[in-house]
Undergrad: 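Right, I'll just put the structure down here and ask away after.
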There are 2 protein chains.
Amino acid sequence: MSEASAERVPRATKQRAAISGALADSERFLTAQELHARLKRSGTKVGLTTVYRTLQMLAESGEVDVLHPGGSEAVYRSCDAAAHHHHLVCRDCRRSVEIESEQLERWTDTVADRHGFVAASHTLEIFGLCEDCAPSR
Amino acid sequence: MSEASAERVPRATKQRAAISGALADSERFLTAQELHARLKRSGTKVGLTTVYRTLQMLAESGEVDVLHPGGSEAVYRSCDAAAHHHHLVCRDCRRSVEIESEQLERWTDTVADRHGFVAASHTLEIFGLCEDCAPSR
DNA sequence: TTATCTGCAAACATTTTGCAGCGAG
DNA sequence: CTCGCTGCAAAATGTTTGCAGATAA
């Protein structure tokens with residue numbers, strides 16, 4: 001008998017390993033191109049297309065977080081928490097801290113509800129300068 | 001005597017009038033291309049380039065709000081409130097309600113501070129389906 | 001008059017897709 | 001052996017820029 005449902009089990013290729021590895025090593029958000037450059041520099045030959053495709057997969061499976069700051073380049077970071085959360089991100093170096101707030105979640109739901117909106121979701125990111133990047137230490 | 005500083009006083013062209021007019025007439029967020037199409041349809045001949053340039057100006061001066069949902073196309077809406085605020089936006093028709101919360105503002109500042117981040121700003125948008133767009137009314 | 005605005009066409013930056021060949025299972 | 005993965009080149013998308021001519025002040 002075969003399996004009932006076709007589970008999507010990605011193949012273990014060395015490109016995929018390199019990509020999630022490099023991502024896991026960084027505590028900063030990286031663009032696809034930055035990641036690609038890092039891999040190239042470290043000797044791993046991976047196509048930019050593959051980087052994009054892999055990041056997309058990892059994002060869908062929740063293994064990485066994606067942000068679109070300012071609407072330009074997307075930035076990616078491997079995700080520590082399994083649950084829904086937000087980020088405090090350094091505008092300069094893009095180092096980031098994961099944020100959670102049960103109260104915030106409740107508040108956004110309440111706001112949506114109060115205005116007759118259903119199936120509410122939300123995005124929240126806080127930007128600032130981290131201690132290392134702030135001027136006049 | 002001439003003025004001390006060169007104030008940026010935009011010229012009153014009919015293109016600019018048409019653009020902010022059309023924008024003011026919509027309670028929904030619109031993309032630059034949608035706006036361009038509307039203007040064309042209503043008989044006003046305006047170049048897409050001008051639409052982009054004008055929207056950028058209006059956004060900088062705070063007359064319109066800009067969102068980059070999902071990181072793809074930017075969407076614009078004329079801004080009612082003068083103060084900092086957020087939006088509750090319908091995922092389907094992009095109708096939107098402006099949201100304000102002194103408490104939220106304080107919370108984000110506190111979070112940033114607690115982690116040693118300075119000069120904090122933030123983005124927050126709530127998405128949902130408005131009453132007209134929600135299925136099974 | 002004259003500096004700004006307009007709009008076309010072309011440049012741009014980022015991301016996606018087509019397709020032939022490679023390689024994991 | 002097979003079918004998914006890879007990577008090149010090309011397409012697609014959304015936005016910006018160069019420049020010559022139109023136009024508000």
Side-chain angles (χ1 to χ4, degrees), chain A residues 2-3 5-23 29-61 63-77 94, chain B residues 2-3 5-23 29-61 63-77 94:
Chain A
S2 57
E3 292 304 315
S5 83
E7 261 303 308
R8 175 140 291 289
V9 181
R11 282 187 185 168
T13 67
K14 72 162 161 281
Q15 287 90 336
R16 194 178 309 268
I19 291 170
S20 22
L23 213 41
F29 272 94
L30 299 173
T31 67
Q33 321 240 10
E34 283 171 342
L35 189 48
H36 180 242
R38 283 195 180 205
L39 291 167
K40 180 147 50 181
R41 223 178 298 125
S42 73
T44 320
K45 210 166 56 61
V46 184
L48 180 55
T49 305
T50 300
V51 174
Y52 274 111
R53 270 192 289 232
T54 305
L55 286 174
Q56 192 177 291
M57 269 184 199
L58 294 173
E60 263 160 32
S61 75
E63 286 170 69
V64 308
D65 292 324
V66 195
L67 259 51
H68 299 269
S72 51
E73 245 164 317
V75 295
Y76 304 83
R77 182 179 165 189
R94 293 207 289 273
Chain B
S2 58
E3 292 305 313
S5 82
E7 261 303 309
R8 175 139 289 291
V9 181
R11 283 187 185 171
T13 67
K14 73 163 162 281
Q15 286 91 338
R16 193 180 308 269
I19 292 170
S20 22
L23 212 41
F29 272 93
L30 299 174
T31 66
Q33 320 238 10
E34 283 171 342
L35 189 48
H36 179 243
R38 284 196 180 204
L39 291 167
K40 180 147 48 184
R41 224 178 297 124
S42 73
T44 321
K45 210 165 57 59
V46 184
L48 181 55
T49 304
T50 300
V51 173
Y52 273 111
R53 269 192 290 233
T54 304
L55 284 174
Q56 193 177 294
M57 268 184 201
L58 294 173
E60 264 160 32
S61 75
E63 286 170 69
V64 309
D65 292 325
V66 195
L67 259 51
H68 299 268
S72 51
E73 246 165 317
V75 294
Y76 305 83
R77 187 186 159 181
R94 292 207 290 274

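Each chain gets a letter, A, B and so on, in the order its sequence line appears, and its residues count up from 1.
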Undergrad: Less than 4.5 Å apart, side chain to side chain, heavy atoms only: is that true for A:Y76 and A:L35?
TA: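 In short, these two side chains do not touch, never coming nearer than 4.5 Å.
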
Undergrad: With the side chain counted from C-beta on, respond yes when A:V66 and A:L55 share a heavy-atom pair under 4.5 Å apart, and no when they do not.
TA: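 Answer no - side chains too far apart.
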
Undergrad: I need the CD1-C1' distance between A:I19 and D:dC5, as an integer number of Å.
TA: 11 Å

Undergrad: Which whole-number value in Å describes the distance from A:Q33 CD to C:dA13 C1'?
TA: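 Interatomic distance, CD of A:Q33 to C1' of C:dA13: 8 Å.
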
Undergrad: Can you check the A:R16 CZ to D:dG7 P distance for me, whole Å?
TA: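 Computing the A:R16:CZ to D:dG7:P distance gives 11 Å.
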
Undergrad: Before giving the answer on side chain to side chain donor-acceptor pair (under 3.5 Å), spell out for A:S61 and A:E63 the whole-Å C-alpha distance, their side-chain angles and the decisive distance to 0.1 Å.
TA: CA-CA 6 Å; A:S61 75; A:E63 286 170 69; 2.9 Å; yes

Undergrad: Please determine whether a side-chain nitrogen or oxygen atom of B:Y52 lies at a distance below 4.0 Å from atom OP1 or OP2 of D:dT15.
TA: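 Checking B:Y52 against D:dT15: at least one side-chain N or O falls below 4.0 Å of OP1 or OP2.
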
Undergrad: Would you mind building the protein contact string for nucleotides 19-25 of chain C? One character per nucleotide, 5' to 3', B for base within reach (heavy atoms under 4.0 Å), S for sugar-phosphate only, - for untouched.
TA: ----BBS

Undergrad: Which nucleotide, C:dT14, C:dC5, D:dT15, lies nearest any side-chain atom of A:E73?
TA: C:dT14

Undergrad: Identify which nucleotide among D:dT16, C:dT6, D:dG7 has an atom closest to any side-chain atom of A:T49, counting heavy atoms from C-beta outward.
TA: D:dG7

Undergrad: Between A:A32 and A:Y52, which heavy-atom pair has the shortest distance, and what is it?
TA: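 A:A32 and A:Y52 have their closest heavy atoms at CB-CE2, 3.5 Å.
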
Undergrad: Please determine if a side-chain N or O atom of B:Q56 lies less than 4.0 Å away from the OP1 or OP2 oxygen of D:dT15.
TA: no

Undergrad: Roughly, in whole Å, what's the span from CD in A:E34 to P in C:dT14?
TA: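 The answer, rounded to whole Å, is 10 Å.
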
Undergrad: If I compare all heavy atoms of B:T50 with all of B:I19, which pair ends up nearest, and what's the gap?
TA: O-CD1, 4.0 Å

Undergrad: If you compare all heavy atoms of A:R16 against all heavy atoms of A:R11, which two are closest, and at what distance to 0.1 Å?
TA: NE-O, 3.2 Å

Undergrad: Just how far, in rounded Å, is C1' of C:dT6 from NZ of B:K40?
TA: 15 Å

Undergrad: Roughly, in whole Å, what's the span from NE2 in A:H36 to C1' in C:dA13?
TA: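 It is 16 Å, rounded to the nearest whole Å.
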
Undergrad: Let me know which of A:R41, A:K40, A:R94 forms a salt bridge (charged side-chain N to carboxylate O under 4.0 Å, His left out) with A:E34.
TA: A:R94

Undergrad: Between P on C:dT14 and NE2 on B:H68, what's the gap in Å once rounded to a whole number?
TA: 15 Å

Undergrad: Whole angstrom is fine here: how far is it from CG in A:L55 over to C1' in C:dT16?
TA: 14 Å

Undergrad: Are OP1 or OP2 of C:dG7 and a side-chain N or O of B:Q15 less than 4.0 angstrom apart?
TA: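 Yes, such a contact exists.
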
Undergrad: Does B:A32 or A:K45 map to a spot on DNA chain D nearer the 5' end, using the closest nucleotide for each?
TA: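 Going by which nucleotide is closer to the 5' end, it is A:K45.
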
